[in-house]
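Please read the structure below before turning to the comments.
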Amino acid sequence: MQEPASVFFSLLNLAAHVKGGRYQMKKLSRSHPLRPYYQIWTLLGVTSWLCSALFHTRDTPLTEKLDYFSAAANIMFALYGAGIRLFHAYDSPIRWQLWTTTCLTAYITHITYLSITPRFDYTWNVIFNAILGALHNLFWLCFSVKYLHFRRFPERSITFLPKHYWKPGTLAVLTTLATLFELFDFPPWRRIIDAHSLWHLATAPITILWYWFLTEDGLDAGWKKAKD
């Protein structure tokens, strides 16, 4: 095992998705329009962190691509799901088609480029994922801006603010702060703990908090027509 701390913390993230996904599916109605998107996000989360654990166990060209491509898919789908939720694309075939086509095209272009270049473009991979993450956080920050009026729920006015309006913005900030571990690297402590592994450690509890927020958001009275 090449990087035991990163493997262990990757598995913690995997467990966070399993636990969060089970909690979410127990709480949300089967008729809720966002339920299938959240199920896919859980599946991608489990897959990406399993690939991360494999990569940190043994670094090979195959495990490297599995790790990077699944991570990009997970981040892309988080952004995609945020767009579906905030643009209410689940209720608009045109918006759904436009948003789905945009995200799918971007992801396919990304992995195609990385697959055909003679050398894996690590710089571009970092930039691409950073852009996706920044957009995802920006979307949810907008949700938390008290004086930014837009229809947050399909059955409420544009001025309505749920009690949990501040939570996604806080989580977006925490998620951004966690990525600082990737920027401020340091020599491995006892050849086990490094900045990258600490980033994995930081994202595990934040993942659980995202599931709690998304579940609370999905149970809001503004979704009354989506409930059983």
Side-chain angles (χ1 to χ4, degrees), residues 16-17 20 24 27-28 32-42 44-45 71-107 110 126-180 182-183 199 202-203 205-227:
H17 277 282
Q24 194 172 53
K27 295 290 185 178
L28 292 184
H32 198 287
L34 295 180
R35 183 185 172 96
Y37 297 100
Y38 293 155
Q39 286 178 311
I40 296 173
W41 183 54
T42 297
L44 288 175
N74 190 30
I75 300 170
M76 172 61 83
F77 199 86
L79 171 62
Y80 173 72
I84 292 291
R85 163 67 181 87
L86 297 175
F87 303 151
H88 306 299
Y90 52 81
D91 200 32
S92 170
I94 294 178
R95 287 197 296 269
W96 184 90
Q97 192 171 44
L98 287 173
W99 184 237
T100 301
T101 301
T102 298
C103 292
L104 192 59
T105 300
Y107 178 73
H110 171 65
V126 171
I127 292 173
F128 181 80
N129 288 324
I131 291 173
L132 296 184
L135 287 174
H136 169 268
N137 292 339
L138 179 62
F139 281 9
W140 283 116
L141 279 170
C142 290
F143 185 95
S144 293
V145 176
K146 185 175 183 179
Y147 301 104
L148 185 60
H149 297 319
F150 66 95
R151 196 175 300 278
R152 290 172 172 81
F153 291 90
E155 305 303 323
R156 299 297 182 97
S157 70
I158 62 173
T159 58
F160 172 74
L161 276 177
K163 293 181 180 179
H164 60 268
Y165 79 92
W166 58 273
K167 291 184 179 181
T170 302
L171 291 176
V173 172
L174 289 176
T175 302
T176 302
L177 291 175
T179 62
L180 294 179
E182 288 287 82
L183 300 178
W199 172 62
T203 55
I206 295 175
T207 296
I208 289 291
L209 294 176
W210 272 113
Y211 273 104
W212 288 352
F213 158 70
L214 291 172
T215 303
E216 181 181 4
D217 180 67
L219 294 174
D220 189 87
W223 296 100
K224 58 184 179 181
K225 287 189 176 181
K227 291 185 178 181

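All values below come from the heavy atoms of this structure, side chains included, with hydrogens, waters and symmetry mates left out.
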P168 to F213 - nearest heavy-atom pair and separation: CD-CE1, 3.4 Å
Sub-4.5 Å side-chain heavy-atom contact between R85 and L214: no
Inter-residue atom distance L171.CG - I206.CD1, 0.5 Å rounding: 7.5 Å
Over 12 foreign heavy atoms within 6.0 Å of CH2, W96: no
Main-chain N/O of Y80 paired with W99 side-chain donor or acceptor, under 3.5 Å: yes
Reported OH-to-OG1 distance for the pair Y147 and T159, which is rounded to 0.5 angstrom: 13.0 Å
Near-ring test Y38/W41, centroid separation under 6.0 angstrom: no
Polar side chain donor-acceptor pair, H88 to Y90, under 3.5 angstrom: yes
Any side-chain heavy-atom pair of C142 and F139 under 4.5 Å: no
Heavy-atom closest pair, residues P162 and F153: CG-CE1, 3.6 Å
Beyond-backbone contact of F160 with E155, side-chain heavy atoms, under 4.5 angstrom: no
Donor + acceptor pair across side chains of Y211, T42 (<3.5 Å): yes
Donor-acceptor under 3.5 Å (H164 side chain, E216 main chain): no
Separation of T215 OG1 from H32 NE2 (nearest 0.5 Å): 9.5 Å
Nearest-0.5 Å distance, CG of residue L135 to CG of residue L141: 11.5 Å
Taking every non-hydrogen atom, the tightest pair across S144 and G169: OG-N, 2.7 Å
Residue list, side-chain contact (heavy atoms from CB on, under 4.5 Å) with W212, at least two apart or on another chain: Y23, I208, L209
Expected output: side-chain R151 to main-chain R156 donor-acceptor under 3.5 Å: yes
Donor-acceptor contact present, side-chain T100 to main-chain Q97, <3.5 Å: no
Value rounded to 0.5 Å, distance of CD1 in I75 from CG in N129: 4.0 Å
Close side-chain approach of D220 to R152, heavy-atom, < 4.5 Å: no
Point-to-point distance, once rounded to the nearest 0.5 Å, from NE2 of H110 to CG of L132: 7.5 Å
Candidate list F77, F143, W210, test ring pair (Phe, Tyr, Trp, His ring centres under 6.0 Å), partner H136, passing option: W210
